[in-house]
**Q** 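Pasting in a structure now, in structure tokens, and then I'll have a few things to ask.
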Protein chains: 2
Amino acid sequence: MNAVNTRQHIVEAADRLFYEQGFEATSFAHIAEAVQLSRGNFYYHFRSKDEILDAVIARRLSNTAAMLETWEAGNKTPSERIQSFIHILITNQTKIMAYGCPVGTLCNELAKLDHVAQTDASKLFTLFRDWLARQFEAMGRDADADALAMHLLMRSQGVAALATAFRDEHFIRREVDDMCQWLQSQQPL
Amino acid sequence: MNAVNTRQHIVEAADRLFYEQGFEATSFAHIAEAVQLSRGNFYYHFRSKDEILDAVIARRLSNTAAMLETWEAGNKTPSERIQSFIHILITNQTKIMAYGCPVGTLCNELAKLDHVAQTDASKLFTLFRDWLARQFEAMGRDADADALAMHLLMRSQGVAALATAFRDEHFIRREVDDMCQWLQSQQPL
DNA sequence: ACTCTCCTAGGTCATTCGTCCTAATCGTGC
DNA sequence: GCACGATTAGGACGAATGACCTAGGAGAGT
């Protein structure tokens, strides 16, 4: 097995486990078992848990950036692109109800742990924030594009949080519809 | 020292530590040290970590219920009462930016741990949800009172999440104002 | 066949975790 | 002043944690 591939498998498994169980609750042994690797071999690729976390965050940043680029490709209107963002809540409904938003929950956990990677994790939010702001700018809302982006990000975080607590699909659907309606009302100007 | 008092001190310290560091990251030793108690003595009062968690949740439920009752006392309008809720975001600004919302982050963590107390923790949300719904009913919004309550809860959760990630006081203030404005627009009907 | 580098397996380390036990101390009623 | 239950202190437990080391295998180039 190529070292690059092994490394990638580890990061993939760690990514999933950090999301499903949290960073602190996931141990070296858990990840090693998930990728069918000995702990010793594991240490060859990552010398500390923080190193894995950095790799996981880097992976998420790159995956997120790629997803946002996909949404930006194709001849869609900015409004339609933003709707793609809003609809993650429905696409990932099951996972969100079980584990919350991958970005929000990670940032929260790292904040409580007072972890150094806190800043890096919040860059995931920044990625969405800037992308959304660009869409709102394209809609002609140059003046308050960032505020609108933050507002939408805030809403999706709120929906994810309550979705985890109440596991109510109807609530999610209702709030998603409300967000889309809000988006339409922002259209003109 | 009375046993009841000691127990209460333990729960207070655990409450704070669970909030600031998270449930999993807080150990018996941390709590014992915080209340200047030996681990042995500690075990006399709480036989397991889950037992402390139950006590902490019970304490939060009772404290929250008391706070909501306070807001309901006095001759305020339902709208003014709801504004009291919205303004927790500003009152607890510093703590929220550092540790997030006590309710939301706990529910998220317990969800990831697949913890049995998950259901109990979500009752904290239910407390707010029902109280808010009652206020909206008093405003004459019987038909969609619960949906409005969930919407407001969702917003405050979203603001708390992003406040932790970005630590931006202006964002909090702006969204709080927006929520109050939204509330006013819900007034008639 | 040989070497050298990359990769892997498994064991070991001190520390901390949650849990549990026992012996000593405290306070109150008799 | 004694007895007895309530409370405390401190140590011990096995298991798990993150971190580290070393011996060896795999494979390519010579």
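Note on naming: letters A, B, ... go to the chains in the order of the sequence lines (proteins, then strands), and numbering restarts at 1 for each one.
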**Q** Rounded at 0.5 Å granularity, tell me how far CD in B/Glu109 sits from CD in A/Glu24.
**A** 8.5 Å

**Q** What is the distance, rounded to the nearest whole Å, between atom CZ of A/Arg7 and atom P of C/dC6?
**A** 15 Å

**Q** Starting at CG of A/Asp50 and ending at P of D/dA19, how long is that distance when rounded to a whole Å?
**A** 7 Å

**Q** D/dG18 P sits how many Å from A/Leu113 CG, rounded?
**A** 12 Å

**Q** Under 3.5 Å, which N/O atoms of the protein pair with N/O atoms of nucleotides 14-17 of chain D?
**A**
residue, atom, partner, partner atom, Å
D/dT17, OP1, A/Ser27, OG, 3.3

**Q** Going by salt bridge (charged side-chain N to carboxylate O under 4.0 Å, His left out), name the residues that satisfy it together with A/Asp54, two or more places apart in sequence or in a different chain.
**A** none

**Q** Answer yes or no: does a side-chain N or O of B/Tyr43 lie under 4.0 Å from OP1 or OP2 of C/dT19?
**A** no

**Q** List the residues meeting ring-ring contact (aromatic ring centres under 6.0 Å, His included) with B/Phe46, not counting sequence neighbours, and say none if there are none.
**A** none

**Q** Tell me: CZ of A/Arg39 to P of D/dT22, nearest whole Å?
**A** 17 Å

**Q** Angle class for the A/Phe136/A/Trp182 ring planes (parallel below 30°, perpendicular above 60°, tilted otherwise)?
**A** perpendicular

**Q** Does a side-chain N or O of A/His45 approach OP1 or OP2 of C/dC6 to a distance below 4.0 Å, or not?
**A** no

**Q** Kindly say if A/Asn41 contacts the phosphate of C/dA9, meaning a side-chain N or O under 4.0 Å from OP1 or OP2.
**A** yes

**Q** What nucleotide, of C/dT19, C/dA9, D/dT7, holds the atom closest to the side chain of B/Tyr44?
**A** D/dT7

**Q** Suppose we screen for ring-ring contact (aromatic ring centres under 6.0 Å, His included). Which residues come up paired with A/Phe23, at least two apart in sequence or across chains?
**A** A/Phe18, A/His115

**Q** With sequence neighbours excluded, tell me which residues meet ring-ring contact (aromatic ring centres under 6.0 Å, His included) with A/Phe28.
**A** A/Phe42

**Q** State which of C/dT19, D/dT7, C/dG10 makes the closest approach to the side chain of A/Ser38.
**A** C/dG10

**Q** Quick test of your reading: applying side chain to side chain donor-acceptor pair (under 3.5 Å), list the pairs with at least one residue in residues 87-103 of chain B, sequence neighbours left out, ordered by first then second residue.
**A** none

**Q** To the nearest 10 degrees, how far apart in direction are the end axes of the helix from C/dA1-D/dT30 to C/dC30-D/dG1, each fit to five base pairs?
**A** 10°

**Q** So, does B/Thr6 get its side chain near the phosphate of D/dT7, meaning an N or O under 4.0 Å from OP1 or OP2?
**A** no

**Q** So which pairs with a foot in residues 149-175 of chain B pass side chain to side chain donor-acceptor pair (under 3.5 Å), sequence neighbours left out?
**A** A/His151-B/Glu175, A/Glu175-B/His151, B/His151-B/Arg155, B/Arg155-B/Asp178

**Q** Can you list every salt bridge (charged side-chain N to carboxylate O under 4.0 Å, His left out) pair that touches residues 59-76 of chain B, not counting sequence neighbours?
**A** B/Glu12-B/Arg59, B/Asp15-B/Arg59, B/Asp15-B/Arg60, B/Glu72-B/Arg134

